[in-house]
Amino acid sequence: NAGVTQTPKFRILKIGQSMTLQCTQDMNHNYMYWYRQDPGMGLKLIYYSVGAGITDKGEVPNGYNVSRSTTEDFPLRLELAAPSQTSVYFCASSPGWTYGYTFGSGTRLTVV
Amino acid sequence: AQSVTQLDSQVPVFEEAPVELRCNYSSSVSVYLFWYVQYPNQGLQLLLKYLSGSTLVKGINGFEAEFNKSQTSFHLRKPSVHISDTAEYFCAVIPLDTGNQFYFGTGTSLTVIP
């Protein structure tokens, strides 16, 4: 049982480049989330999805896009990377409110 | 609107001593409350949660937390810490009116000193 799998684990981007952070879960969870974690700032929600084909913005969506074509996959797209997007990105999934989240191990992104 | 405040950013404690990590929240609606733990270079793991019922909840690794509605607090405690408890701890709430996301505190770094 793999849980939530994120790839890549590390990435360095140049300003203006684009990339996709991959997230896959094998638990058949309907709810999926993308958070970014910055030192001393806790976790901020970027986008979330309540099921295949349904996505919505979180607290800090600017500069990102998502899609949810299947229950399993929830990729996060960065267009025109900026230094402000240097962060650790976590994908999470959940079967519902009361269960809490299952987190992936994170992607550490540096934009230079 | 929701907010979660973790009053201590860093807590050093000697091995086998007790510890309390403080969490206060603000919300205009009822919430569920959670604590997560993050070990170095890993994702967050659920430690314990309060949904309803008894205000004292027990979680994994010997941790417990007490919900105090009047003080809007959900402090995490452990009577005797181990070196392996060194980690970052996050308090989080989920509002019952929407239930679509957690709101996290900024975290407390617990360092257990041998």
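Side chains included, hydrogens not; waters and symmetry mates left out as well; all remaining heavy atoms used. Below, read A as the first sequence line, B as the second, and so on, with proteins coming before strands; counting in each chain starts at 1.
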**Prompt:** Given a strict heavy-atom distance threshold of 4.5 Å, which part of B:Gln6 is in contact with chain A: side chain, backbone, both, or neither?
**Reply:** neither
**Request:** Give, for atom OG of A:Ser94 and atom CG of B:Leu46, the distance between the pair rounded to the nearest 0.5 Å.
**Result:** 10.0 Å
**Request:** Would you kindly confirm whether B:Tyr39 and B:Leu110 end up in one hydrophobic cluster when ILVMFWY residues are joined by side chain heavy atoms under 4.5 Å apart?
**Result:** yes
**Asked** If you round to the nearest 0.5 Å, how far is CG of A:Asp56 from CD of B:Gln101?
**Response** 9.5 Å
**Request:** Check A:Arg108 against B:Asn41 and note the closest heavy-atom contact, atom names and distance.
**Result:** NH2-OD1, 3.9 Å
**OH on A:Tyr35 to CZ on B:Phe104, rounded to 0.5 Å** = 5.0 Å
**Request:** Spell out, yes or no, whether A:Val60 and A:Val88 are grouped together once hydrophobic residues are joined by side-chain heavy atoms under 4.5 Å, including indirect joins.
**Result:** no
**Message:** Can you tell me if A:Ile12 has over 12 outside heavy atoms packed within less than 6.0 Å of its CD1?
**Reply:** no
**Asked** Do A:Leu109 and A:Ile46 sit in the same hydrophobic cluster, where Ile, Leu, Val, Met, Phe, Trp and Tyr count as joined when their side-chain heavy atoms come under 4.5 Å apart?
**Response** yes
**Prompt:** To the nearest 0.5 Å, how far apart are CG in B:Leu96 and OG1 in A:Thr98?
**Reply:** 10.5 Å
**Pair A:Phe103 + B:Tyr36: ring centers closer than 6.0 Å** = yes
**Request:** Name the region of B:Leu44, side chain, backbone, both or neither, that has any atom closer than 4.5 Å to a heavy atom of chain A.
**Result:** both
**Request:** Name the region of A:Tyr101, side chain, backbone, both or neither, that has any atom closer than 4.5 Å to a heavy atom of chain B.
**Result:** both
**Message:** Quick one, B:Gln38 with A:Gln37, criterion side chain to side chain donor-acceptor pair (under 3.5 Å). Give me CA distance, side-chain angles, the key distance, then yes/no.
**Reply:** CA-CA 12 Å; B:Gln38 183 181 31; A:Gln37 183 181 30; 3.0 Å; yes
**Message:** With clusters defined by side-chain heavy atoms of hydrophobic residues (ILVMFWY) lying less than 4.5 Å apart, directly or transitively, does B:Phe67 cluster with B:Tyr89?
**Reply:** yes
**Request:** Find out if a path of hydrophobic residues (ILVMFWY) with successive side-chain heavy-atom gaps under 4.5 Å connects B:Val13 to B:Trp35.
**Result:** yes
